[in-house]
Protein chains: 2
Amino acid sequence: MQPPAPSPLRGVPSPLRATIADVAREAGVHASTVSRALNPATRGMVTEAVAQRVTEVADRLGWRPSAVAAGLRTRKSRTIGILVPDLINPIFPPILHAVETVLATQGYVTLVANTDNDAARESLLIERMATHLVDGLILASAAAGTDALSLCARFGIPAVLINRRMPEGAGCAAVSAVTNDDIHGIGLAVDHLVALGHRRIAHLAGPQGVSTARDRRTGFLDRMRHHGLEPAEITTAAAYTREAGRAAMAALLQGPAGTGPSGNEPGCTAVAVANDMLCLGVYDAMEAAGRRVAADISVTGFNDMPFVDRIHPALTTIRIQHDAMGRQAACILLAEMAEPGLARQSIRLVPELVVRASTAPPAKAP
Amino acid sequence: MQPPAPSPLRGVPSPLRATIADVAREAGVHASTVSRALNPATRGMVTEAVAQRVTEVADRLGWRPSAVAAGLRTRKSRTIGILVPDLINPIFPPILHAVETVLATQGYVTLVANTDNDAARESLLIERMATHLVDGLILASAAAGTDALSLCARFGIPAVLINRRMPEGAGCAAVSAVTNDDIHGIGLAVDHLVALGHRRIAHLAGPQGVSTARDRRTGFLDRMRHHGLEPAEITTAAAYTREAGRAAMAALLQGPAGTGPSGNEPGCTAVAVANDMLCLGVYDAMEAAGRRVAADISVTGFNDMPFVDRIHPALTTIRIQHDAMGRQAACILLAEMAEPGLARQSIRLVPELVVRASTAPPAKAP
DNA sequence: TTGTAGGCGTTATCAA
DNA sequence: TTGATAACGCCTACAA
């Protein structure tokens with residue numbers, strides 16, 4: 001009969017919000033009628049007059065639906081989770097933004113969580129999201145050997161991989177994925193360097209646990225072979241971070257013993273790096289070693305993440321379709337949520353080369 | 001009697017997970033005993049032998065707690081929400097990371113949502129999070145004139161503001177906040193420019209809806225007055241984005257009619273910009289106009305966001321304490337969740353000047 | 001220490 | 001079209 005206390009003491013477990021029962025009492029109808037009137041999907045089952053009155057009362061009492069109570073019955077939350085390995089990497093926010101934009105049009109809200117590249121944390125987050133009844137999951141974090149997909153299967157949560165895919169024939173349940181054509185992308189970098197005249201080209205790879213890293217490495221080797229070249233060297237960074245990039249490049253600059261002209265020179269005139277984040281560290285290492293990017297050693301990145309057009313020298317890199325990637329993933333997820341039996345699909349987006357100032361013809365041998 | 005179907009068809013609303021009742025039946029005890037045995041907080045109320053057996057059965061059946069059902073009773077979720085205005089701005093991820101790290105130690109999981117600087121979306125997200133029973137909220141997005149705080153109060157959700165604070169005496173409920181000393185920070189930039197010999201200094205301000213923008217503007221004016229200088233010009237960018245920065249700087253480069261030596265010169269030799277994101281646009285505009293950063297016009301930023309040490313010329317800026325900001329906010333939130341009556345606190349962190357290459361003495365008049 | 005019963009707020013299935 | 005009733009899965013007085 002009373003509206004809920006107007007300003008409940010914070011933290012006191014009193015009835016904070018009006019419930020359907022409150023509205024029913026006040027409007028003089030049964031709770032189930034209120035439920036029907038207030039739920040857009042069932043509003044048609046109720047006389048317009050009743051619907052109006054109920055709505056009016058609900059507004060007056062400040063009623064809000066309890067997603068928890070509704071979820072307990074319906075197992076739905078109109079919420080989608082996104083797992084990201086590392087929000088600090090600027091390529092993810094634009095992708096997230098695209099995902100959110102699409103999902104918002106369908107009334108879904110998006111919750112992002114950071115796995116920090118930690119498989120245990122990833123599992124915890126998936127469990128937690130499952131328990132909060134997310135209707136679907138977008139995984140930008142899943143690495144091979146992770147429980148992510150089996151957890152999704154166990155909880156019956158539709159999931160779409162993004163940016164990374166599971167190893168072919170890994171025996172795990174089929175999932176849809178939206179990825180880059182990483183093999184093609186790194187090939188563009190190699191072609192560009194070769195066209196500039198480089199022959200001794202190194203690859204600075206990322207941690208091989210994820211498909212992007214493996215594909216870029218494979219693609220590098222393939223394309224070098226295509227040009228009849230031996231890879232000068234392949235180093236693997238410990239993580240996709242600036243610091244790991246610096247460390248890996250520092251090692252590479254030492255050069256394999258006896259390869260360089262003076263025996264202690266880097267064995268390459270160009271490096272195709274596995275991603276832009278690593279490139280920042282590569283620049284750091286080169287600066288520390290007194291080498292000039294482009295003039296001494298050409299560098300290519302991957303991702304065209306925001307801001308790399310303004311670093312110095314501006315980075316030549318492979319642009320991926322951030323926006324399309326997010327949009328496609330969201331669309332596939334929506335489709336699979338609507339129709340769970342739908343065939344899984346794997347979309348591979350085509351990247352393009354963006355030439356800037358970090359690449360140049362090799363310096364003449366002294 | 002049966003464990004739940006081992007591999008339930010996805011999307012079919014069958015009993016996906018074992019419930020406490022299933023475990024009880026299988027273990028030959030009552031459901032409430034199972035509840036007590038499985039809840040760490042009440043496990044002591046049960047014989048160790050029973051606890052063991054119950055746990056074992058629960059594991060075997062793959063039981064998972066349903067946060068939804070539990071939340072419906074307890075109104076708790078051990079989940080914290082974070083609202084961010086724009087994930088694409090690289091200053092937020094490091095702050096989020098610090099928040100997550102602290103909260104994770106207490107067993108809380110963190111869910112991030114993007115408001116996109118949209119008040120309506122912000123309200124929707126808060127409602128949605130409330131309805132998902134987040135135990136607390138960290139708001140990096142709240143602008144003046146927003147419903148955020150009243151929504152939190154209505155739902156009884158403890159909240160802490162971060163990076164921004166509410167206007168003093170705005171009549172809104174008191175909230176704790178962790179911010180920068182923006183007034184001091186921009187003062188450091190002015191001092192630095194004045195020390196270099198600049199007298200005609202402009203300010204490129206951010207949208208005045210948020211406290212950071214207002215404080216930096218105020219601080220700029222104060223400090224100029226302190227030095228006995230008139231501000232050369234104050235332009236306000238339409239948003240905290242690179243593009244808005246470019247547009248604002250382009251306008252500023254036109255110069256107020258007749259101010260420059262030739263009547264169409266910019267009326268300043270230096271610009272103190274309200275944040276680093278805008279600076280990227282400032283660089284763009286200067287490049288387009290054929291002006292050199294530092295050599296022609298000095299530029300200072302604010303935030304020391306990741307990567308600005310590698311743009312060209314490296315940005316002189318004001319470093320804020322990302323990490324401390326996140327940590328402090330998380331700690332305050334934890335304290336206020338534990339003890340709702342706690343006095344609100346406002347922490348202001350002290351920023352520092354980082355001198356790089358985007359500032360230099362003013363060019364001699366031709 | 002364990003069992004009993006009732007309820008958290010909503011929706012779904014009946015019957016009227 | 002509306003009302004009655006029973007879940008959804010868990011927690012918690014209270015009683016035994």
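Chain naming here is simple, since letters A, B, ... match the order of the sequence lines and numbering starts at 1 in each. Any value given below was found using the heavy atoms of this structure, including those in side chains, with hydrogens, waters and symmetry copies removed. All of these numbers come straight from a predicted model, not from anything done at the bench.
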Kindly indicate whether the side chain of [X], heavy atoms from C-beta on, has any atom under 4.5 Å from the side chain of [Y].
X         : Y         : value
Leu133(A) : Lys76(A)  : no
Glu100(A) : Arg121(B) : yes
Glu127(B) : Val109(A) : no
Leu111(A) : Met129(B) : yes
Ser77(A)  : Val68(B)  : no
Leu334(B) : Val102(B) : yes

Are [X] and [N] close enough that a side-chain N or O sits under 4.0 Å from OP1 or OP2?
X        : N       : answer
Ser66(A) : dT10(C) : no
Arg17(A) : dG9(C)  : no
Thr33(B) : dG3(C)  : yes
Thr19(B) : dC8(D)  : no

From [atom1] of [X] over to [atom2] of [N], roughly how many Å is that when rounded to an integer?
X         : N       : atom1 : atom2 : result
Lys76(A)  : dC8(D)  : NZ    : P     : 16 Å
Arg53(B)  : dT1(C)  : CZ    : P     : 16 Å
Arg75(A)  : dT10(C) : CZ    : P     : 18 Å
Asp22(B)  : dC8(D)  : CG    : C1'   : 13 Å
Leu72(A)  : dG7(C)  : CG    : P     : 16 Å
Leu133(A) : dC10(D) : CG    : P     : 12 Å
Leu38(B)  : dT12(D) : CG    : P     : 14 Å

- Message: Out of the candidates Ile162(A), Leu149(A), Ile82(A), only one should pair with Leu139(A) under the side chain to side chain contact (heavy atoms under 4.5 Å, CB included) rule; please name it.
- Response: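 Result: among Ile162(A), Leu149(A), Ile82(A), Leu149(A) is the only option passing the side chain to side chain contact (heavy atoms under 4.5 Å, CB included) with Leu139(A).
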- Item | Sole candidate of Thr55(A), Asp22(A), Val57(A), Leu38(A) that passes side chain to side chain contact (heavy atoms under 4.5 Å, CB included) when paired with Trp63(A) |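 Option passing the side chain to side chain contact (heavy atoms under 4.5 Å, CB included) with Trp63(A): Leu38(A).
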- At under 4.0 Å between heavy atoms, what does Val68(A) touch on the DNA or RNA strands: base, sugar-phosphate, or nothing?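 Since no nucleic acid heavy atom lies under 4.0 Å of Val68(A), the category is nothing.
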- Given axes from five pairs at either end, by how many degrees does the helix from dT1(C)-dA16(D) to dA16(C)-dT1(D) bend, rounded to 10°?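 Helix axis angle between the two ends: 40°.
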- Message: Please find the pair of heavy atoms, one from Arg164(B) and one from Ser141(B), that lie closest to each other, and give the distance.
- Response: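 For Arg164(B) and Ser141(B), the tightest heavy-atom pair comes out as NH1-O, 3.3 Å.
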Polar-atom pairs under 3.5 Å, protein N or O versus N or O of nucleotides 11-13 of chain C: list them with distances, or write none.
residue	atom	partner	partner atom	Å
dT11(C)	OP2	Ser35(A)	OG	2.8
dT11(C)	O2	Arg73(A)	NE	3.4
dT11(C)	O2	Arg73(A)	NH1	3.1
dA12(C)	O4'	Arg73(A)	NH2	2.9

